[in-house]
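Quick notes on the structure that follows.
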Amino acid sequence: MSVLIHAASRLLVQGITGNVGRFSTRDMIAYGTRVVAGTASGRSADDVGGVPVFPGVKAACAATQADASIAYVPASAAFDHVIEAFEAGIGLVIYPGDELPVQDAIELRAAARASDAIFIGPNTPGVISPGKAKAGFMPSFCYAPGPLGVISRSGSLSYEACFRLTGAGLGQTTVIGIGGDPIKGLTAAEALDLLHADAETRAIVCLGEIGGGDEYAVAEYAARPGAKPVAALIVGRKAPPGKKMGHAGALIGSHADTHSAKMKALERAGVHATGTISGLVAAAKRALAASR
Amino acid sequence: MSVLIHAASRLLVQGITGNVGRFSTRDMIAYGTRVVAGTASGRSADDVGGVPVFPGVKAACAATQADASIAYVPASAAFDHVIEAFEAGIGLVIYPGDELPVQDAIELRAAARASDAIFIGPNTPGVISPGKAKAGFMPSFCYAPGPLGVISRSGSLSYEACFRLTGAGLGQTTVIGIGGDPIKGLTAAEALDLLHADAETRAIVCLGEIGGGDEYAVAEYAARPGAKPVAALIVGRKAPPGKKMGHAGALIGSHADTHSAKMKALERAGVHATGTISGLVAAAKRALAASR
Amino acid sequence: MLLIEHEGKALLAGVGVAVPPGVVARSADTLGRRKLPYPVAVKAQVASGGRGKAGGVVRADSPAQARAAARKLLAMKFGGEKPRGVLVEPWLAIERELYLSVTVDAAADGYAVLYSPRGGVEVEQGAALVRCDVGPARNFRAYRLREALADVEADAAVRERVVALAHRLVLLASSRDCTTVEINPLAMLADGSLVSADAKVVRDEYARFRAADIAERIDAEHARQPKAIARALAGKLMLVWLNGEIGLISGGAGMTMAAMDLIADAGGRPACFLDCSANPTPEGYRLAFDLLDGEPRVKVILVSIFGGLTQMDRVARVMKEIMSERRSVMPVVFRLNGTNVAQANEILAKAGLHNNATIEDAVREALSFARAGGRR
Amino acid sequence: MLLIEHEGKALLAGVGVAVPPGVVARSADTLGRRKLPYPVAVKAQVASGGRGKAGGVVRADSPAQARAAARKLLAMKFGGEKPRGVLVEPWLAIERELYLSVTVDAAADGYAVLYSPRGGVEVEQGAALVRCDVGPARNFRAYRLREALADVEADAAVRERVVALAHRLVLLASSRDCTTVEINPLAMLADGSLVSADAKVVRDEYARFRAADIAERIDAEHARQPKAIARALAGKLMLVWLNGEIGLISGGAGMTMAAMDLIADAGGRPACFLDCSANPTPEGYRLAFDLLDGEPRVKVILVSIFGGLTQMDRVARVMKEIMSERRSVMPVVFRLNGTNVAQANEILAKAGLHNNATIEDAVREALSFARAGGRR
């Protein structure tokens with residue numbers, strides 16, 4: 001099994017006629033994803049790579065039974081598009097774009113809950129279930145099927161990490177980019193719950209950084225009786241305090257935000273934690289070994 | 001029967017320790033209303049006229065099973081108090097105050113719907129079911145039990161109208177002040193539906209004025225097959241256009257807002273309509289006669 | 001409270017809506033000193049509608065023309081209103097005039113969006129508008145508006161811009177307590193971009209406790225009113241002058257209108273709508289009498305109050321006091337009813353004041369005084 | 001984006017929150033010309049915290065004292081920052097200092113309200129705060145906050161004022177896209193009224209497309225930055241100068257931090273955090289090289305990009321071009337990986353550029369250049 005996105009998932013690409021939409025659609029199809037429909041707001045458009053294009057999500061769903069969506073639209077239009085997908089009955093909506101006002105993230109998380117849907121993002125490369133499907137723009141060659149569930153706050157770091165894991169023969173069930181913003185559609189805790197419930201996921205790898213509270217959710221999970229083994233990489237050990245490190249959430253404001261506080265909390269919870277990318281494969285192996 | 005408020009209604013007075021709250025509480029009790037509780041935000045207070053005072057609605061409901069509420073609080077606090085009542089499970093909340101921002105009226109109407117509750121107001125004297133109970137500050141002597149359901153946009157006009165009806169021996173089942181603002185908790189159409197469903201109400205009297213669309217809802221109701229006979233008084237025949245006549249809703253902006261357009265629509269729908277308070281009793285009598 | 005065009009445009013610009021870069025001048029002279037991007041539109045800043053048809057917008061191709069236009073406009077009146085300045089903007093090369101507004105609407109249980117692909121005077125003359133109900137602001141759905149526009153707006157790019165713009169307007173209306181935000185015309189330029197050529201923004205006066213700019217604007221507006229109106233507003237009385245001779249002091253809007261109708265039916269004319277229900281205190285009533293006593297047109301005062309929360313024994317006591325201290329010789333007719341009316345009748349009777357049993361009686365009495373010339 | 005005190009207070013006043021009447025002066029001289037209500041507080045206007053302890057607030061009892069205070073404060077630096085003026089307010093007779101803030105908090109799925117009955121430095125020093133989760137702004141519930149405050153705030157009247165104030169702050173935060181609105185101290189005066197003695201308002205830069213005041217403030221802030229930072233910002237690069245010698249050009253925050261950690265582990269020091277992922281274009285990368293080539297501290301450039309959406313064949317082509325046209329002699333080390341990396345490797349190889357297989361290799365290579373002195 002995998003979580004969130006499966007071989008049978010029927011993906012809709014909102015904003016399919018933009019440059020990113022076109023590139024990613026072809027890339028996702030090449031990976032084997034069933035991209036069944038696209039939307040181009042209010043415009044009639046030809047198909048994109050063989051995918052039919054609809055003027056709205058309702059029409060796209062009626063014609064193609066799409067059940068997941070990724071929205072390649074600017075931040076100023078993200079709220080409108082994600083809500084449209086929820087109200088058309090789509091159960092999983094990914095918004096990969098960045099610079100989404102936090103207000104809109106708050107509203108979209110609340111709307112997802114009200115629609116009984118899952119919202120992922122903003123600021124994420126998406127979700128990939130290696131060998132089955134991907135909804136996002138992560139470089140495909142970095143991934144392979146296997147027993148690890150992966151959660152990441154950072155796109156580039158997840159590529160590097162999975163490239164290493166895959167290179168070491170450690171494949172993945174599903175890699176979830178939860179995004180680097182302070183308010184997330186899917187939180188670390190929720191992503192952990194999904195991977196915990198997935199029978200094929202034997203151990204979990206969490207890619208974290210300074211700032212924010214996600215890593216404490218990881219520690220909380222790991223300390224739970226019956227939790228799957230967890231490995232974690234926390235980057236930003238050498239980042240100066242008080243400066244925003246690219247991600248809106250990656251800022252050391254208080255002691256809890258620091259690298260050392262997070263490492264301590266993770267280690268106390270029994271997480272196989274490392275502070276360097278070079279140590280990731282070994283940590284993941286230790287976690288996997290513990291799962292036997 | 002009566003609608004909205006009955007002899008068994010258990011009334012809560014929010015803001016009971018203010019001048020208006022104290023006065024109205026004593027007045028409602030004198031009328032026979034079962035005022036079971038009052039609130040004074042966050043303060044402990046002695047009882048008011050024998051009514052126990054609680055710091056919040058939840059506590060008041062738990063102790064007294066209040067099922068209706070009237071909130072005597074300033075407009076700036078109205079939203080907070082009405083929402084509190086909804087969330088404590090109160091099914092009928094009246095906000096008599098005026099100058100409520102229309103934004104808050106919009107939100108409270110939506111909140112009432114979400115809570116499956118009824119919100120009445122703003123800018124209303126309340127609701128009275130003569131001989132049974134009153135939730136509001138209308139002068140009691142103007143009312144008597146009888147077969148008429150009355151709906152009014154204006155407080156003072158409803159006193160005068162009911163004073164005349166009662167004087168002429170035409171009593172009332174329930175008199176509902178829906179208020180004079182453009183966005184109402186309970187609309188004219190909804191109030192009509194309530195009175196329509198009430199077995200004891202034999203005819204309906206609507207007290208309207210220039211501006212707004214309530215009178216068209218009345219015409220729509222009256223034109224419905226099986227509707228109860230309706231009498232209507234529309235005031236403001238001599239009001240100049242473009243000037244707000246006290247009520248936020250009483251302004252002639254378009255032709256439909258005018259006295260003559262409303263009178264025509266009502267007459268076309270078979271309403272016993274009059275343009276002068278002097279003609280009200282006769283109109284109500286004609287409506288009652290038609291109900292036989 | 002209707003904002004003047006340039007104030008409304010400032011609110012629009014504040015939420016990222018395109019408006020022409022404009023300058024406001026209070027006099028032709030200050031305008032002459034500015035560097036302007038000719039040709040320009042010189043626009044009278046008035047709150048009343050129909051400005052365009054009344055010649056309130058003038059094109060100017062040179063500083064001399066701009067000064068002349070400003071001088072002319074500032075000397076004119078629009079719907080009885082003197083302009084509070086002129087707004088000068090680049091003259092827009094408009095390809096098409098659209099109409100877009102967001103307004104509070106009871107049928108929508110909140111906001112409604114209205115649109116026409118042909119705006120400007122066509123809408124003013126009553127052209128039909130496409131309507132999309134929103135309700136509370138957070139219920140705005142771009143896709144629903146897009147569907148509603150599909151039939152009337154053929155240009156897909158314009159449609160998308162209108163949808164995005166409407167969302168901004170709904171958020172503006174809710175976040176800044178506006179009851180109407182109307183852009184007419186919404187100008188489509190040659191490149192397809194949309195610019196708000198005019199702006200009619202109405203803000204909710206009741207929100208003044210949480211919007212300092214509304215409170216300030218209300219104060220400024222009150223200060224601009226004629227003295228009597230300003231005094232009434234300061235005393236929380238609602239005064240609208242009418243042209244008649246019966247000075248109506250009343251409580252409650254509905255009952256006041258009913259009394260006005262009765263006065264007219266009896267052949268009289270009300271001098272005013274003067275609602276004291278927001279300030280039924282000795283000070284409020286004293287002010288009401290003072291305002292009417294000071295207005296020569298008024299021949300008789302008719303006090304018509306049917307009180308619920310307002311306790312009529314208190315009102316009667318106040319009336320007694322006012323009548324005993326008052327210097328005016330203008331006759332006063334009473335019709336008080338409502339809560340504690342029995343005590344009120346006693347108080348009035350003891351003071352030798354007659355309380356009419358019905359408003360019809362009171363109107364008749366007032367008219368007979370008025371016909372006798374009033375002001376005995 | 002943290003607003004300066006007087007800007008934050010203007011937002012507060014705009015929603016009807018009580019702030020002391022203040023005047024802002026950019027120089028001691030302009031201050032001297034004003035009539036002030038002595039005694040006054042002269043307050044340095046800086047964005048950095050801990051101003052009070054650093055002597056950034058001075059009491060003045062006379063014009064001479066006020067001028068002296070302003071002169072002194074304007075010459076000081078707070079957290080490395082020169083004041084942008086002084087704010088002068090009446091000196092408040094504070095009975096008690098409270099703390100109230102509204103902030104975006106992941107655990108609340110939106111806003112959270114934080115309160116302490118003892119504010120001021122006690123909170124700065126880490127005193128516990130009472131917390132009430134709100135979520136989306138419309139979910140603010142006065143009664144829940146009232147319950148949360150019942151245990152810590154004994155004064156019922158103050159509690160009610162705090163509840164009403166918190167509601168305003170939540171609405172302000174959501175309607176004006178603020179991520180934090182903090183009042184510390186919230187001053188309780190002798191009559192029990194609450195005045196915002198200080199204001200720390202953080203606005204959401206991402207909302208600039210719908211908030212003109214945020215966009216303007218960002219532009220102004222960028223203009224105040226040192227030249228290199230301002231150029232980076234104009235080119236949509238994220239640049240933070242650090243103290244080292246390895247000029248790190250990267251894409252993606254997480255991977256950049258990982259590389260910084262590796263550099264440090266290997267005994268090096270990064271010269272910067274320079275994230276090009278928002279502008280992975282020829283112009284963006286050229287600017288990045290230009291900025292680092294112009295910084296003498298930088299001894300070697302390490303280009304570390306792991307692209308997903310960024311297609312690495314395109315990046316490789318850009319790198320090839322930059323390397324061929326570049327005048328600087330500073331060594332450059334590459335580690336490119338990601339989408340289309342095979343083509344990228346080919347392009348680099350043909351251009352005679354070495355692409356490191358791992359970031360560890362690249363860091364080692366960069367360090368050896370740095371140790372050799374760099375800038376061959």
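FYI, side chains are in, hydrogens and waters are out, and symmetry mates aren't considered; it's all heavy atoms of this structure.
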Less than 4.5 Å to any heavy atom of chain A: does that hold for the side chain of [X], its backbone, both, or neither?
{"X": "D/Arg335", "answer": "side chain"}
{"X": "D/Ala173", "answer": "backbone"}
{"X": "D/Asp105", "answer": "backbone"}
{"X": "D/Ile359", "answer": "both"}
{"X": "D/Asp265", "answer": "side chain"}
{"X": "D/Asp261", "answer": "both"}
{"X": "D/Arg269", "answer": "neither"}
{"X": "D/Ser174", "answer": "both"}

Based on non-hydrogen pairs under 4.5 Å, which of D/Leu309, D/Thr179, D/Asp177, D/Thr310 is most in contact with chain A?
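Of the candidates given, the most pairs with chain A belong to D/Leu309.
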Under 4.5 Å, counting heavy-atom pairs only, tell me which of D/Gly307, D/Gly135, D/Gly251 racks up the most with chain A.
D/Gly307
Is A/Glu99 salt-bridged to D/Lys236, going by a charged N under 4.0 Å from an acidic O?
no
Closest approach of D/Asp109 and A/Arg113, non-hydrogen atoms and distance?
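Closest approach of D/Asp109 to A/Arg113: OD2-NH2, 2.7 Å.
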Tell me, for A/Glu107 versus chain D, whether the close heavy atoms (under 4.5 Å) come from the side chain, the backbone, both or neither.
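Interface part for A/Glu107: side chain.
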Distance (rounded to the nearest 0.5 Å) between A/Ile277 CD1 and D/Met255 CE
6.0 Å
